Structures are given as structure tokens and as C-alpha cells.
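Just so we're clear, the structure is a prediction, and the values are computed from it rather than from any experiment.
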Amino acid sequence: MTRFGATILDGDGHRLSTEEKAFFRDVNPFGFILFARNIDTPDQVRALCNDYREAVGRDCPITIDQEGGRVQRLRAPIWREWLPPLDFVKAAGDDATRAMYLRHRIIAHELRDIGIDSNCAPMVDVADATTHDFLRNRCYGDDPITVATLGRAAADGMLDGGVLPVVKHMPGHGRATADSHFDLPKVDAARDGLGTHDFAPFKALNDLPMGMTAHLVYSAIDDQAATLSKPVMDVIRTDIGFDGLIMTDDISMKALSGDLGTLSRDALDAGCDVILHCNGTLDERKTVAAAAGEMNDAAHRRANAALKARKTPDEIDISAYDAELKALLGGNLHGQ
């Protein structure tokens with residue numbers, strides 16, 4: 001049985017080079033991720049997605065960050081623009097649950113149309129007054145029950161549209177007062193408070209097929225960043241009860257220190273299933289792929305279960321969805 005490489009990787013540009021194709025064929029990453037530098041036209045993105053799938057010889061998952069607001073790779077004038085999630089939820093008011101479903105069903109439609117079948121959302125980190133600005137308006141709210149409800153609506157919209165959701169950032173990034181792209185946040189909250197507040201939305205969504213870790217320290221549990229911490233991964237698997245495929249957040253982020261090979265091995269040893277590495281050189285990708293190797297038995301099982309969660313989307317009338325969402329938002333289509 002062919003094992004997937006325990007990586008999710010990216011490419012440099014609008015199409016794969018000969019060297020990239022050969023590398024991906026050899027290391028067989030589980031999937032790929034796209035960034036703005038990979039996006040030009042719909043036909044170009046379809047061709048790039050075909051490049052990836054031809055390189056590994058299978059219908060591998062291809063993901064993207066299409067949250068809305070600052071974090072969306074597909075943009076106008078070709079694709080829809082979206083308000084940041086927190087602003088969108090406020091605009092929708094009492095209709096936020098339905099609006100979040102429609103938003104993510106429309107996003108899924110746009111993604112599938114160009115060959116993308118996964119999205120790094122919903123983000124169910126619970127905001128509070130101290131949440132760092134890099135994260136705050138990407139959140140869905142400051143109440144765990146509301147966040148879980150809206151996260152479920154977002155996930156259902158994507159699943160119904162044939163797109164695998166990736167719930168993030170496990171087990172909760174909302175208390176971070178630093179930007180983990182540049183620094184390692186430390187959370188000193190008591191364990192009980194984390195369980196009833198930060199971890200609660202992830203427990204409510206523990207049946208989703210894929211999840212992403214948080215790069216921050218929970219001092220009540222361990223002094224290692226969650227991505228590299230076996231005690232934190234045990235919390236995710238046992239207390240939260242998540243048995244989906246867990247990918248790291250991008251291991252090239254500055255929150256983590258050390259060489260990429262060691263970080264990759266440490267994250268897998270802690271209990272992550274697959275290493276996400278983004279925005280590096282081809283040599284750095286090769287280092288990560290060599291260190292990560294192939295998925296272990298448990299990761300391979302979870303990966304196959306995630307792939308089975310991909311649905312063939314039903315045909316929908318996008319104009320009708322747009323009209324309904326416009327009405328829910330008081331005439332402000334897509335919350336723009």
C-alpha cells in the first residue's frame with residue numbers, strides 16, 4: 001500500500017516547474033496549499049491544480065486560506081470579496097448562522113470551480129479583549145457556544161460544497177497577545193478555564209475531518225509550543241476528542257525556532273499527522289519532506305477518512321444564494 005508523504009507543500013508560481021514536478025512525484029505529499037502568488041486566472045489555477053494531481057498521480061487535496069478579510073487568496077474582480085468574519089457576523093446579527101452557511105457554501109462553489117477542494121477554515125478561536133490584532137477580526141465571536149455554532153455552519157457550507165474544512169487553530173489561539181507569524185505567544189490561563197472556554201468550540205466540532213495546530217505555549221499544560229507538545233496533542237486527542245487528520249500550522253512561522261528538519265520530526269513525534277510547510281525554497285521543501293517521511297499507520301487512516309469526507313456537491317443556484325445573503329445583510333451583498 002502506497003503511503004502518503006507526511007507533508008502539505010506549496011509551489012513557487014502559476015505552474016509547476018519540471019524540477020518541482022519531479023520532486024513532488026518522488027515524495028508524494030498528502031496535499032498542497034495555494035497562496036496569492038499561485039493565483040492569476042481561473043484557467044491558470046485549474047491548470048496548476050492539475051499539475052499537482054498529475055505529479056502525485058491521484059486526486060490529492062488542495063487547500064487554501066479563504067477566510068475573508070485580510071486572509072483570502074482569491075480576490076476581486078474575478079472572485080468575491082468578503083468582510084472579515086467578525087465584522088460579517090456583526091452585520092448579519094440574528095441571522096449570522098444562516099449567513100455563515102451561505103458565505104461558506106458560496107466560497108466552496110468558487111473553490112471547487114477552479115480545482116480547490118479544501119479550505120483552512122473554520123477558525124473557531126474565541127476572541128477576547130486581549131486577542132492580538134492579527135487574529136481578532138478573523139474570529140467569529142467571544143462566546144464559545146456562539147463560535148461553535150457559527151463554526152459548524154461554516155463547516156457545513158463547505159462540506160455541502162465538496163470542500164474539506166480545516167478547523168483551526170487547535171486547541172485555541174484566542175488568548176494570544178502576540179502574532180505567531182513573528183513571535184511565540186504564551187498563554188498563562190488556568191487549565192480549567194482553557195477547557196471550558198478556549199477548547200470548547202473544538203470539542204463541539206471534533207467530528208470534522210481535518211484540523212490545524214496553534215503555535216503558542218499553554219503554560220498550564222506544557223512549556224513547548226502546542227505544535228511540538230505531546231501533552232497538548234494528548235489534550236486534543238483525548239479531552240477534545242478530535243480524531244481527524246491534524247496538520248501543523250506553517251512550521252516556517254517565526255513562533256517556532258530551530259531547523260526545519262528537527263521541527264518536522266518533533267511535530268510528528270508530538271502527535272501531529274502531517275507537516276504544513278509554506279513559502280520556502282525548493283531546498284527547504286526537500287528538507288521538510290525528507291525529515292517527515294511517510295505517514296504512520298494512524299495518520300494514514302485519518303488521511304483516508306478525511307478524503308472519504310469529500311462530497312460531490314449538489315447543483316445550486318448561486319444567484320439565489322447571493323440574493324438570500326444580500327437580504328440577510330440588509331442589502332450589503334457578501335458583507336462588502
Side-chain angles (χ1 to χ4, degrees), residues 8 10-16 31-53 60-89 91-92 96 98-123 137-138 140 150-151 153-166 168 210 212 278-279 310-329 331-336:
I8 294 173
D10 58 356
D12 286 334
H14 291 166
R15 297 294 298 270
L16 293 185
F32 298 93
I33 187 167
L34 301 183
F35 289 90
R37 69 175 184 277
N38 306 122
I39 308 295
D40 184 20
T41 67
D43 283 345
Q44 169 269 318
V45 178
R46 292 184 194 107
L48 177 59
C49 289
N50 286 337
D51 283 350
Y52 283 127
R53 291 180 171 121
C60 63
I62 297 175
T63 196
I64 197 167
D65 290 293
Q66 192 71 0
E67 297 176 14
R70 285 180 296 110
V71 184
Q72 61 180 84
R73 313 306 184 198
L74 306 179
R75 292 198 171 272
I78 298 175
W79 296 281
R80 290 165 175 80
E81 292 279 342
W82 300 97
L83 268 181
L86 191 59
D87 299 333
F88 180 91
V89 167
R98 178 62 179 169
M100 284 291 274
Y101 175 87
L102 293 170
R103 170 179 169 129
H104 288 85
R105 182 63 185 85
I106 293 167
I107 287 172
H109 178 80
E110 290 195 325
L111 296 181
R112 282 286 299 225
D113 178 62
I114 54 175
I116 301 168
D117 60 2
S118 176
N119 188 20
C120 294
M123 198 193 82
N137 70 358
R138 298 165 59 192
Y140 301 168
L150 297 176
D156 285 348
M158 288 183 283
L159 285 166
D160 288 350
V163 168
L164 291 174
V166 180
K168 63 186 185 185
M210 298 172 70
M212 177 186 289
C278 312
N279 303 312
R310 289 188 294 193
K311 299 179 182 178
T312 300
D314 294 333
E315 291 294 326
I316 62 169
D317 183 346
I318 283 293
S319 62
Y321 276 56
D322 277 338
E324 182 182 355
L325 187 54
K326 183 176 181 179
L328 294 181
L329 295 171
N332 191 13
L333 187 61
H334 312 310
Q336 292 177 13

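- Shown here for I114 and C49, the closest heavy-atom pair between the two residues is O-SG, 3.6 Å.
- In this structure the side chain of K168 reaches within 4.5 angstrom of the side chain of C120, judged on heavy atoms.
- No side-chain heavy atom of M158 sits less than 4.5 Å from a side-chain heavy atom of L111.
- Across all their heavy atoms, I64 and L34 have their closest contact at CG1-O, 3.7 Å.
- Q44 places a side-chain N or O within donor-acceptor distance of the main-chain N or O of N38, the cut-off being under 3.5 Å.
- Atom-to-atom distance recorded for H14:NE2 and D40:CG is 4.5 Å, nearest 0.5 angstrom.
- S118 OG to R310 CZ: the interatomic distance, rounded to the nearest 0.5 Å, is 9.0 Å.
- For the atom pair CG of D117 and CZ of R53, the computed distance is 4.5 Å after rounding to the nearest 0.5 Å.
- Closest approach of M123 to Y140, counting heavy atoms only: N-OH, 3.2 Å.
- Classification of the Y52-F32 ring pair by plane angle, with boundaries at 30° and 60°, yields parallel.
- Note: D322 CG to D317 CG = 9.0 Å, rounded to the nearest 0.5 Å.
- Remark: R105 does not engage D160 in a salt bridge, criterion side-chain N to carboxylate O under 4.0 Å.
- Nearest heavy-atom pair across G161 and R112 is O-CG, 3.1 Å.
- A distance-only check finds a donor-acceptor pair linking the side chain of D51 to the backbone of L16 [under 3.5 Å].
- Side-chain N or O atoms of E67 include none that pairs as donor or acceptor with a backbone N or O of P84 at under 3.5 Å.
- The salt bridge (Lys or Arg N to Asp or Glu O under 4.0 Å) search around D10 returns R37, R285, not counting sequence neighbours.
- Atom OG1 in T41 sits 10.5 Å away from atom CG in L48 (nearest 0.5 Å).
- Although no hydrogens or angles enter the test, the distance criterion places a donor-acceptor pair under 3.5 Å between the side chain of Q72 and the main chain of G69.
- Taking all atoms of both residues into account, the shortest heavy-atom contact from R80 to I318 is NH2-CG2, 3.0 Å.
- Residues D65 and R138 are not paired through a salt bridge, judged by the lack of any N-O separation under 4.0 Å between the basic side chain and the carboxylate.
- The minimum heavy-atom distance between I33 and I8, with the atom names listed, is N-CG2, 4.1 Å.
- No donor-acceptor pair closer than 3.5 Å links the side chain of R98 to the backbone N or O of L325.
- Side-chain atoms of L150 and P122, non-hydrogen and from C-beta on, never get closer than 4.5 Å to each other.
- Note that CD1 of I39 is 5.0 Å distant from CG of L74, once rounded to the nearest 0.5 Å.
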